[in-house]
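Encoded as structure tokens, the structure appears first; notes follow it.
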Amino acid sequence: MLRNEHVRVDFLYSNLGYRGKTVIDVLGHLMFALPFLVFIIPDAWELATKSFTRGEASPNGGLIDRYLPRAAIPVGFALLLFAILFETWRNLRNGTSGDD
């Protein structure tokens, strides 16, 4: 995300100027990424906390506590949310400068 190597329609994006690319990035973040993350993080957190309170364990041995990998899901999505918020803020701050 921070290296700008995420999925988008690059054959259209590559023909745009700096401002056009900034608009596409900001709209994509606000319309697609942020709503998804706002809905998925609380649900993933709830799954992890339920797993922790129930004391779920693997029936086959191996990893004893299932809440550990389940807790990694909301943590990972929260990190992605911070990266998207940072990129959106940076794009909005620098959106008027650049080469067109």
Side-chain angles (χ1 to χ4, degrees):
M1 178 69 199
L2 293 178
R3 291 187 307 202
N4 204 20
E5 295 177 358
H6 53 285
V7 176
R8 71 176 156 252
V9 186
D10 281 333
F11 74 93
L12 296 173
Y13 186 82
S14 62
N15 295 325
L16 297 173
Y18 181 81
R19 287 188 184 138
K21 290 179 181 180
T22 300
V23 168
I24 294 294
D25 286 339
V26 169
L27 289 178
H29 294 162
L30 296 177
M31 290 174 46
F32 298 110
L34 289 180
F36 170 75
L37 293 170
V38 165
F39 285 111
I40 198 71
I41 291 172
D43 288 340
W45 182 254
E46 182 181 348
L47 177 69
T49 56
K50 281 183 180 180
S51 179
F52 178 75
T53 56
R54 291 179 185 162
E56 290 182 2
S58 176
N60 301 326
L63 182 64
I64 297 171
D65 299 321
R66 276 194 180 166
Y67 68 88
L68 292 173
R70 289 187 178 174
I73 297 169
V75 169
F77 279 130
L79 291 172
L80 180 60
L81 176 64
F82 287 126
I84 288 172
L85 290 174
F86 174 76
E87 278 297 305
T88 302
W89 173 74
R90 190 175 64 107
N91 282 336
L92 290 173
R93 186 185 57 157
N94 297 332
T96 57
S97 62
D99 304 323
D100 248 350

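Start at 1 with the first residue, then count along the sequence. Because the structure is a prediction, the values reported are computed rather than measured.
- A distance of 9.0 Å separates CG of Leu27 from CZ of Phe32, quoted to the nearest 0.5 Å.
- Two different hydrophobic clusters hold Ile40 and Val75 under the rule that ILVMFWY side chains link at heavy-atom gaps under 4.5 Å.
- Asn94 is listed as a side-chain neighbour of Tyr18, based on a closest heavy-atom distance under 4.5 Å.
- Linking Ile, Leu, Val, Met, Phe, Trp and Tyr residues whenever their side-chain heavy atoms come within less than 4.5 Å places Leu37 and Leu85 in a single cluster.
- Rounded to the nearest 0.5 angstrom, Leu68 CG and Phe52 CZ are separated by 9.5 Å.
- Linking Ile, Leu, Val, Met, Phe, Trp and Tyr residues whenever their side-chain heavy atoms come within less than 4.5 Å leaves Ile41 and Phe82 in two separate clusters.
- Under the 4.5 Å side-chain heavy-atom criterion for grouping Ile, Leu, Val, Met, Phe, Trp and Tyr, Phe77 is not connected to Val38 through any hydrophobic cluster.
- The structure places OG1 of Thr88 at 12.5 Å from CZ of Arg93, a figure rounded to the nearest 0.5 Å.
- Residue Met31 is grouped with residue Val23 when hydrophobic side chains (ILVMFWY) are merged at heavy-atom distances under 4.5 angstrom, including chains of intermediate members.
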Distance-only donor-acceptor hits, side chain of residues 42-50, under 3.5 Å, sequence neighbours excluded:
residue	atom	partner	partner atom	Å
Glu46	OE2	Lys50	NZ	3.1
Thr49	OG1	Trp45	O	3.1
Thr49	OG1	Glu46	O	3.0

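- Among all heavy-atom pairs drawn from Leu34 and Ile84, the shortest one is CD2-CG2, 3.8 Å.
- When all heavy atoms are compared, the tightest approach of Leu16 to Lys21 is O-CE, 3.3 Å.
- Note: Arg66 CZ to Ser51 OG = 7.5 Å, rounded to the nearest 0.5 Å.
- When all heavy atoms are compared, the tightest approach of Thr22 to Asn91 is CG2-O, 3.5 Å.
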